[in-house]
Amino acid sequence: MAFLLLLLFLAATTVTSHSHASELSFLHQIHLLRPQSGAAGDHLPGITCLSWRLGVETNNIVGWITVPGECEGYVGHYMLGQQYREDSKAVTDEAFLYAASLKLAGDGNDIWIFDIDETTLSNLPYYASHGFGAQPFNATLFNKWVLEGKAPALPESLKLYRKLRSLGIKIVFITGRTEDQRTVTANNLKKAGYSSWLKLILKSSSYSGKTAVFYKSSERAKLEKNGYRIIGNIGDQWSDLLGTNTGNRTFKLPDPMYYIS
């Protein structure tokens, strides 16, 4: 009898522990998970939405304008669910392992480049209200959201930022946001936990009509010309990581909501 009671106690403890762990995993949610809609089995003609997302993340599907309508529910549930956070953690954990393995010069010229939107700051509250990419991008509505300065940090990126700084690595932000959004962006970064940085580079009018790859490559080249060593570079878009002067190693965070060339 005593043995049976012990087994029942252990079983109850295991269930409670698992439940507690599940709760802990969502203590730092970026946005409340909405009721599940869209599953991995959702199909486009000849392809599942999960496979479409893989093609997007590996840069095999390029130049797309909007998320396929059949996949918006799947993308939304992915972005607001645990898998997106676990995928982000896998990337940032690997980034820190790489950084920690380096022998830094210690002269203050080792830098790590972070993108901002969907990398350091998350716009999920905006997308949760306006849809997950099946409609064309609305610059007016998005800029209105940016000016509110309420974007939360992507927790995994914030942890990486703090760990990199503890190693003595300087942080540079390069964003597609424009110069007129400098003050609100800087304040939003600080509010979200990014307390300081070496440089905050925003897109000037001189890059009007240029691709993100051209703009970010040009700004990275300027940094290296000034003696900085780009030891790492992280972003959610391939345009953050392609081109020239990309750094010693790049890291791609997940983002199947939009594509920037």
Closest approach of M79 and Y84, non-hydrogen atoms and distance? O-CD2, 3.3 Å
Salt bridge (Lys or Arg N to Asp or Glu O under 4.0 Å) evaluation trace for K159 with E156: CA-CA 5 Å; K159 291 176 184 176; E156 290 70 29; 5.3 Å; no
With no hydrogens and no angle check, is any side-chain donor or acceptor of E72 less than 3.5 Å from a backbone partner on V67? no
If we ignore hydrogens and angles and just use 3.5 Å, is the side chain of T185 paired with the main-chain N or O of Q181 as donor and acceptor? yes
A99 and L164: which non-hydrogen atoms are nearest, and at how many Å? CB-CD2, 3.5 Å
Check whether any side-chain heavy atom of R177 lies under 4.5 Å from a side-chain heavy atom of K203, and answer yes or no. no
Taking the side chain as every heavy atom from C-beta outward, state whether Y78 and F132 have any pair of such atoms under 4.5 Å apart. no
Is the closest side-chain heavy-atom distance between P125 and P152 below 4.5 Å? yes
Looking at D110, N109, N248, which one forms a side-chain hydrogen bond (donor to acceptor under 3.5 Å, both in side chains) with R229? D110
Kindly say whether F214 contributes a backbone atom to a donor-acceptor pair with the side chain of S217 at under 3.5 angstrom? no
According to a hydrophobic-cluster definition based on side-chain heavy atoms being under 4.5 Å apart (Ile, Leu, Val, Met, Phe, Trp, Tyr only), do I230 and I116 belong together? no
Minimum heavy-atom separation for L158 and A192, please, with both atom names. CD2-O, 3.6 Å
Nearest 0.5 angstrom please: I231 CD1 to I111 CD1, how far? 8.5 Å
Go through the steps to decide whether V56 and W64 satisfy the test side-chain contact (heavy atoms from CB on, under 4.5 Å), and finish with yes or no. CA-CA 9 Å; V56 165; W64 50 280; 3.6 Å; yes
Considering only NZ, NE, NH1 and NH2 on the basic side and carboxylate oxygens on the acidic side, decide whether E94 and R249 come within less than 4.0 Å. yes
Atom of K252, atom of D236 and distance for their closest heavy-atom approach: NZ-O, 2.7 Å
Where do W112 and F251 land on the ring-ring contact (aromatic ring centres under 6.0 Å, His included) test, with the steps shown first? CA-CA 11 Å; W112 192 289; F251 296 87; 5.8 Å; yes
Answer with yes or no whether the hydrophobic clustering places L167 together with V172; edges join I, L, V, M, F, W, Y residues whose side-chain heavy atoms lie under 4.5 Å apart. no
Can you confirm whether K225 sits close enough to R220 that some side-chain heavy atom of one is under 4.5 Å from a side-chain heavy atom of the other? no
Tell me every residue that passes ring-ring contact (aromatic ring centres under 6.0 Å, His included) with Y228, counting only those two or more places apart in sequence or in another chain. none
For the side chain to side chain contact (heavy atoms under 4.5 Å, CB included) test, which of D115, T211, I260, N59 pairs with S239? I260
Mind telling me whether Y161 and F114 have parallel, tilted or perpendicular rings, with 30° and 60° as the class edges? perpendicular
When rounded to the nearest 0.5 Å, the distance separating CG of L253 from OG1 of T119 is 5.5 Å
Go through the steps for R165 and S195 under the test side-chain hydrogen bond (donor to acceptor under 3.5 Å, both in side chains), then give the verdict. CA-CA 11 Å; R165 290 191 64 209; S195 56; 3.0 Å; yes
Can you tell me how far CG of L189 sits from CD1 of I171, rounded to the nearest 0.5 angstrom? 11.5 Å
Same apolar cluster (I L V M F W Y, side chains within < 4.5 Å links), L147/L200: yes
Side chains of K170 and W197 in contact at under 4.5 Å (non-hydrogen atoms): no
Under 3.5 Å: donor-acceptor pair, side chain of N188, backbone of V184: no
Who pairs with F142 by side-chain contact (heavy atoms from CB on, under 4.5 Å), at least two apart in sequence or on another chain? D117, N123, Y126, Y127, F137, W145, V146
What distance do K216 atom NZ and N233 atom CG have between them, rounded to the nearest 0.5 Å? 8.0 Å
With side-chain contact (heavy atoms from CB on, under 4.5 Å) as the test, would you mind laying out the steps for I174 and L202 before giving the verdict? CA-CA 6 Å; I174 303 182; L202 294 96; over 6 Å; no
Taking every non-hydrogen atom, the tightest pair across P254 and D87: CG-CB, 4.0 Å
Heavy-atom count check: over 12 atoms from other residues, nucleotides or ligands less than 6.0 Å from I65 CD1? no
For residues 122-150, which residue pairs qualify under salt bridge (Lys or Arg N to Asp or Glu O under 4.0 Å), counting only residues two or more places apart or in two chains? none
Same hydrophobic cluster for L54 and V62, using side-chain heavy-atom links shorter than 4.5 Å among ILVMFWY? no
Is the side chain of N143 donor-acceptor paired with the backbone N or O of T140 at a distance under 3.5 Å, no angle test? no
Using a 4.5 Å cut-off on heavy atoms from C-beta on, say whether the side chain of L154 contacts that of S88. yes
Between CZ of R182 and OG1 of T175, what distance do you get to the nearest 0.5 Å? 10.0 Å
If you measure from CD on E118 to CG on D240, what distance do you get to the nearest 0.5 Å? 10.5 Å
Taking the side chain as every heavy atom from C-beta outward, state whether F96 and T92 have any pair of such atoms under 4.5 Å apart. no
Quick one: does V75's side chain get under 4.5 Å of M257's, heavy atoms only? yes
Answer yes if L198 and I201 sit in the same cluster of Ile, Leu, Val, Met, Phe, Trp and Tyr residues linked by side chain heavy atoms under 4.5 Å apart, and no otherwise. yes
Test: K210 cationic atom under 6.0 Å from Y215 six-membered ring centre, within 45° of axis: no
Quick one: does NZ or CZ of R53 land under 6.0 Å from the six-membered ring centre of Y74, within 45 degrees of the ring axis? no
Derivation of the side-chain contact (heavy atoms from CB on, under 4.5 Å) call for E219 and K222: CA-CA 5 Å; E219 291 300 323; K222 291 178 185 178; 3.1 Å; yes
Kindly say whether V213 contributes a backbone atom to a donor-acceptor pair with the side chain of W238 at under 3.5 angstrom? no
Where do S205 and S208 land on the side-chain hydrogen bond (donor to acceptor under 3.5 Å, both in side chains) test, with the steps shown first? CA-CA 5 Å; S205 58; S208 179; over 6 Å; no
Evaluate Q237 against Y258 for side-chain hydrogen bond (donor to acceptor under 3.5 Å, both in side chains), listing each step before the verdict. CA-CA 9 Å; Q237 296 289 313; Y258 53 84; 4.7 Å; no
So, for E57 and D255, which heavy atoms are closest and what is the spacing to 0.1 Å? OE2-N, 2.8 Å
